[in-house]
Number of protein chains: 2
Amino acid sequence: MEEGTSKSPTHCCDTGPPHEDAEGHWDAHQWDTREDCEVRQILDRVADKWSLLVIALLERRRLRFTELRREIDGVSQRMLTVTLRQLERDGLVRRTVYPVVPPRVDYELTPLGSTLHETIQALVTWTEAHQNEIAAARAAYDAAQAAPAP
Amino acid sequence: MEEGTSKSPTHCCDTGPPHEDAEGHWDAHQWDTREDCEVRQILDRVADKWSLLVIALLERRRLRFTELRREIDGVSQRMLTVTLRQLERDGLVRRTVYPVVPPRVDYELTPLGSTLHETIQALVTWTEAHQNEIAAARAAYDAAQAAPAP
DNA sequence: CTGGATCCGACATGATACTG
DNA sequence: CAGTATCATGTCGGATCCAG
């Protein structure tokens with residue numbers, strides 16, 4: 001193994017119980033600082049270059065390795081393998097191997113993976129709804145950078 | 001500048017209108033493959049090591065540079081600056097400079113940034129709700145790896 | 001105090017070749 | 001077909017030094 005086990009050295013609690021500290025900072029839904037535990041991991045998984053694509057494609061129907069490879073296009077077989085392994089390990093994707101002569105492996109979303117897909121939809125929707133604002137903000141920012149003192 | 005402008009060479013459409021292609025794959029909310037455009041960018045922004053923290057902290061109240069630096073703890077001033085610049089460029093954070101002798105700069109979430117924070121909450125909630133399942137899946141996977149053929 | 005500029009190491013990703 | 005192993009490389013992030 002080479003990656004996917006412990007990625008960046010994010011000082012993480014991981015196994016510790018997710019309750020608050022001595023100062024009583026968060027009470028209800030304050031993930032503010034403890035996000036570098038579980039949330040960060042999931043976010044890293046979701047955010048990496050290919051996971052999102054894979055999840056989206058598998059949401060529609062189960063696919064074989066090569067099918068995914070073809071559909072995603074820019075991906076190397078290496079990264080596709082790594083990505084699928086990570087998703088499988090997290091219980092988001094199920095891998096089925098058929099003991100046939102030309103090896104056949106199917107991948108499909110688990111129920112857990114489906115719920116994640118739905119959740120991510122919220123972010124997608126937000127992005128679609130605000131991409132114009134973002135683009136405008138960027139344009140304004142870049143323009144301000146180009147002409148600081150006229 | 002060194003980073004933050006064009007990150008990975010994600011073959012992106014970016015400026016193209018977000019409608020479907022000739023094959024008519026997606027009709028309604030099918031971000032399946034076109035996510036490598038706007039969604040990818042936002043996701044990268046949200047997912048990078050510090051943006052999430054900054055957004056979460058600024059959601060509570062406006063903060064100065066050093067305050068953020070202290071609260072986040074592990075961050076280098078370099079990455080904090082870079083992160084804040086990116087968020088500012090995207091219109092998620094507003095930067096206010098006070099022309100005083102010891103420079104004072106305040107950062108606060110824009111309304112757009114607030115809505116993003118809310119959206120991300122969904123992902124946080126999902127993670128909190130399913131982290132046990134994920135942990136279990138990982139344990140099962142790792143166990144299966146340790147004993148493949150007994 | 002805020003933050004720009006440089007150097008540099010670590011890691012993730014891609015390309016390629018090999019295997020069952 | 002579905003990977004694994006190895007090597008090359010680009011980018012990110014941290015440490016430092018310097019400046020307004």
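Below, chains carry the letters A, B, ... as their sequence lines are ordered, and counting in each starts from 1. Worth saying up front: this structure is predicted, and the values here are computed from it rather than measured.
- Smallest separation of non-hydrogen atoms from A/Ser51 and A/Val46: CB-O, 4.3 Å.
- Contact between the side-chain N/O atoms of B/Arg85 and the OP1/OP2 oxygens of C/dG3 is found at a separation under 4.0 Å.
- The side chain to side chain donor-acceptor pair (under 3.5 Å) check on A/Thr81 picks up nothing, with sequence neighbours excluded.
- Remark: A/Arg61 engages A/Glu71 in a salt bridge, criterion side-chain N to carboxylate O under 4.0 Å.
- One can place NZ of B/Lys49 at 19 Å from P of D/dT11, the figure rounded to the nearest angstrom.
- Under 4.0 angstrom from either OP1 or OP2 of C/dG14 there lies at least one side-chain N or O belonging to A/Trp50.
- For A/Asp44 and D/dG13, the CG to C1' distance is 14 Å, given to the nearest whole Å.
- Remark: P of C/dT19 and CZ of A/Phe65 are 18 Å apart, rounded to the nearest angstrom.
- For B/Arg64, the side chain to side chain donor-acceptor pair (under 3.5 Å) test picks out no residue, with sequence neighbours left out.
- Contacts classified as ring-ring contact (aromatic ring centres under 6.0 Å, His included) and involving residues 56-110 of chain A (residues at least two apart or in different chains) are not found.
- Here A/Arg69 lies out of heavy-atom contact (under 4.0 Å) with every strand.
- Between A/Asp48 atom CG and C/dC11 atom C1' the separation is 14 Å, expressed in whole Å.
- A/Glu133 meets the side chain to side chain donor-acceptor pair (under 3.5 Å) test with A/His130; sequence neighbours excluded.
- Taking atom CG of residue B/Leu80 and atom P of nucleotide C/dA5, one finds them 17 Å apart after rounding to whole Å.
- Residue A/Met79 places its side chain closer to C/dG14 than to any other of D/dA2, D/dG14, C/dG14.
- Less than 4.0 Å separates DNA chain D from at least one heavy atom of each of the following residues of residues 100-107 of chain A: A/Pro103, A/Arg104, A/Val105, A/Tyr107.
- Hydrophobic side-chain contacts under 4.5 Å tie A/Tyr141 to no other Ile, Leu, Val, Met, Phe, Trp or Tyr residue.
- Legend: residues meeting side-chain contact (heavy atoms from CB on, under 4.5 Å) with A/Ala47, ordered by chain and number and at least two apart, are B/Leu43, B/Ala47.
- The interatomic distance linking B/Leu63 (CG) with C/dC1 (P) rounds to 15 Å, in whole Å.
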Scan nucleotides 16-18 of chain C against the protein and return all N/O pairs shorter than 3.5 Å with their distances rounded to 0.1 Å.
from: C/dT16; atom 1: O4; to: A/Gln77; atom 2: NE2; distance (Å): 3.0
from: C/dA17; atom 1: N6; to: A/Gln77; atom 2: NE2; distance (Å): 3.1

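- With sequence neighbours left out, A/Ser76 forms a side chain to side chain donor-acceptor pair (under 3.5 Å) with no residue at all.
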